[in-house]
There are 2 protein chains.
Amino acid sequence: MIKNKIKGLKMTPQRLAILAYLEGNIDHPSADDIYKAVLKKFPTMSFATVYNTLESLKNRGSVSELTIDPDKKRFDPNPDPHNHLICNKCRKILDIHIDYELRVPYEKKQGFEITGNHIKFYGICPKCRRGK
Amino acid sequence: MIKNKIKGLKMTPQRLAILAYLEGNIDHPSADDIYKAVLKKFPTMSFATVYNTLESLKNRGSVSELTIDPDKKRFDPNPDPHNHLICNKCRKILDIHIDYELRVPYEKKQGFEITGNHIKFYGICPKCRRGK
DNA sequence: TTCCTTAATGATAAATATTATCATTACATA
DNA sequence: TATGTAATGATAATATTTATCATTAAGGAA
């Protein structure tokens, strides 16, 4: 529910529009994608507002920033830990929900306190497979 | 051995200097890190040459590009598949060599042909743990 | 409901990272 | 040693993200 994602922040129309676009979105859009999409319904939207909003939502844990695309940051409206499937050709990113037990033996930890992990699976998506 | 990493490419002093810096380097440097380091011993080095060389080495499979740091690309002179340990505070990146059997059941593959994976472990490094 | 404080917006500039262009240079092989 | 071509270096262009700041408006208080 969108209201929970924004609790504690001012509920501006711009933020609601951004959240509405993100809600249920599985495309892992970039800031530019979000800007372009929201602009259609909200012609006064500024780029700065997109970044500001994403920053706020990130800090609240309502969205997560993905470091998957080498060229730009992408955003995931699902902040629960999950993994991703990436097409090496078209760069499409899909969620993949499998939990693995990734135990790290003490002698491999190198003194780190490990708090989480993220798995990227690389491959070729169905569309790109057919296209070749 | 450096010569193998460059086989098929012209062996220029600039490239040798870059390779020498990368050889055995475990810091996962950015293009800028590499540029700054090589510049000390090679004052005429151009930024473009660093990028060009990294591109060539990447295409040959001699180095790999890491999508781990959200702000910039980093490079790993070890092209063999391995995983990474990342400090959430200081952003330091360490190699972690553990092989996991990450089986993906057919119904989770979403039509992808999976060719590889990469695991990022997040945590706090020893130095940052002490610093707090 | 109206007022008021303060956070948010929008316009824009600045910073950072990467890619592209191209004349000149120099590697490598014939 | 001469020569074709790939590589270099200088620089411009592009892309992404962050910073600045005057103006606006959300939302709690009166």
Side-chain angles (χ1 to χ4, degrees), chain A residues 2-21 28-60 62-76 91 93, chain B residues 2-22 28-60 62-75 91 93:
Chain A
I2 286 183
K3 245 185 173 175
N4 288 331
K5 295 214 159 198
I6 209 177
K7 188 181 276 180
L9 302 176
K10 286 189 179 174
M11 198 157 60
T12 68
Q14 293 86 344
R15 282 175 172 171
L16 291 176
I18 291 171
L19 278 167
Y21 172 71
H28 310 90
S30 67
D32 188 58
D33 293 333
I34 296 168
Y35 174 65
K36 283 204 183 74
V38 176
L39 200 62
K40 285 178 193 163
K41 303 216 164 190
F42 213 114
T44 71
M45 172 68 63
S46 156
F47 223 128
T49 298
V50 174
Y51 275 105
N52 287 340
T53 298
L54 288 171
E55 180 68 18
S56 303
L57 294 174
K58 227 170 56 184
N59 292 338
R60 294 197 71 272
S62 296
V63 304
S64 63
E65 182 183 296
L66 301 181
T67 308
I68 289 182
D69 188 325
D71 293 331
K72 51 186 172 294
K73 294 169 183 173
R74 290 176 173 238
F75 297 87
D76 196 325
R91 294 283 128 198
I93 301 173
Chain B
I2 287 182
K3 246 185 172 173
N4 288 332
K5 295 215 161 198
I6 209 177
K7 188 181 278 182
L9 302 176
K10 284 192 180 172
M11 195 156 61
T12 68
Q14 292 87 343
R15 284 174 170 171
L16 291 175
I18 291 171
L19 278 168
Y21 173 72
L22 285 177
H28 310 89
S30 65
D32 187 58
D33 294 333
I34 297 168
Y35 174 65
K36 283 203 184 76
V38 176
L39 201 59
K40 286 178 192 163
K41 304 216 163 189
F42 213 114
T44 71
M45 171 69 60
S46 156
F47 223 127
T49 298
V50 173
Y51 276 105
N52 287 341
T53 298
L54 287 171
E55 180 69 18
S56 303
L57 293 174
K58 228 170 56 186
N59 292 339
R60 295 199 71 269
S62 297
V63 304
S64 63
E65 182 183 297
L66 301 180
T67 307
I68 290 182
D69 188 325
D71 294 332
K72 51 185 172 295
K73 294 169 183 173
R74 290 175 174 239
F75 296 87
R91 294 284 127 196
I93 301 173

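Within every chain, numbering begins at 1; the chains are lettered A, B, ... in the order of the sequence lines, protein sequences first and strands thereafter.
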From D/dG27, D/dT11, D/dT17, nucleotide with atom closest to A/Lys10 side chain
D/dG27
What is the distance, rounded to the nearest whole Å, between atom CG of B/Leu54 and atom P of C/dA17?
15 Å
Would you call B/Lys73 and B/Asp32 a salt bridge, taking side-chain N to carboxylate O under 4.0 Å as the test?
no
Less than 4.0 angstrom between a side-chain N/O of A/Lys7 and OP1 or OP2 of D/dG27, yes or no?
no
For the side chain of A/Ser46, starting at C-beta, report the closest nucleotide among C/dT18, C/dG10, C/dA8.
C/dG10
How many whole angstroms separate atom NZ of A/Lys73 from atom C1' of D/dT18?
9 Å
Which of these nucleotides, D/dG9, C/dT18, C/dA28, is closest to any side-chain atom of B/Met11?
C/dA28
When rounded to the nearest 0.5 Å, the distance separating NZ of B/Lys72 from CG of B/Leu66 is 12.5 Å
The residue, A/Phe47 or A/Thr53, whose nearest nucleotide of DNA chain C is more 5′ is A/Thr53
Result for 5'-nearest mapping on DNA chain C, choosing between B/Asp71 and A/Pro13, is A/Pro13
Whole-Å gap separating C1' (D/dG9) and CG (B/Leu39):
12 Å
Specify the separation, in whole Å, of atom OH of B/Tyr35 and atom P of D/dT8.
14 Å
In whole angstroms, how far is the P atom of C/dT18 from the CD1 atom of B/Ile34?
10 Å
A/Arg74 CZ to D/dT16 C1', straight-line distance once rounded to whole Å
14 Å
Give a yes/no answer on whether the side chain of A/Thr12 brings an N or O atom under 4.0 Å of OP1 or OP2 in C/dA8.
no
Between C1' on C/dT25 and CZ on B/Phe42, what's the gap in Å once rounded to a whole number?
13 Å
B/Asn52 side-chain proximity, nearest of D/dT11, C/dT18, D/dT8:
D/dT8
Look at B/Tyr51 and C/dT19 and indicate whether a side-chain polar atom (N or O) is within less than 4.0 Å of OP1 or OP2.
no
Report which part of the nucleic acid A/Thr44 touches: base, sugar-phosphate, or nothing (heavy-atom distance under 4.0 Å, all strands).
sugar-phosphate
Any side-chain heavy-atom pair of B/Glu65 and B/Phe75 under 4.5 Å
yes
Among the nucleotides C/dT9, D/dA10, D/dA7, which one has an atom lying closest to any side-chain atom of A/Gln14?
C/dT9
Nearest-Å distance for atom pair NZ/P, residues A/Lys72 and D/dT17:
8 Å
Starting at NZ of B/Lys5, measure out to CG of B/Leu22 and round the result to the nearest 0.5 Å.
7.5 Å
Taking the side chain as every heavy atom from C-beta outward, state whether B/Leu57 and B/Leu19 have any pair of such atoms under 4.5 Å apart.
yes
Taking 4.0 Å as the cut-off, does a side-chain nitrogen or oxygen of B/Thr49 come that near to OP1 or OP2 on D/dA7?
no
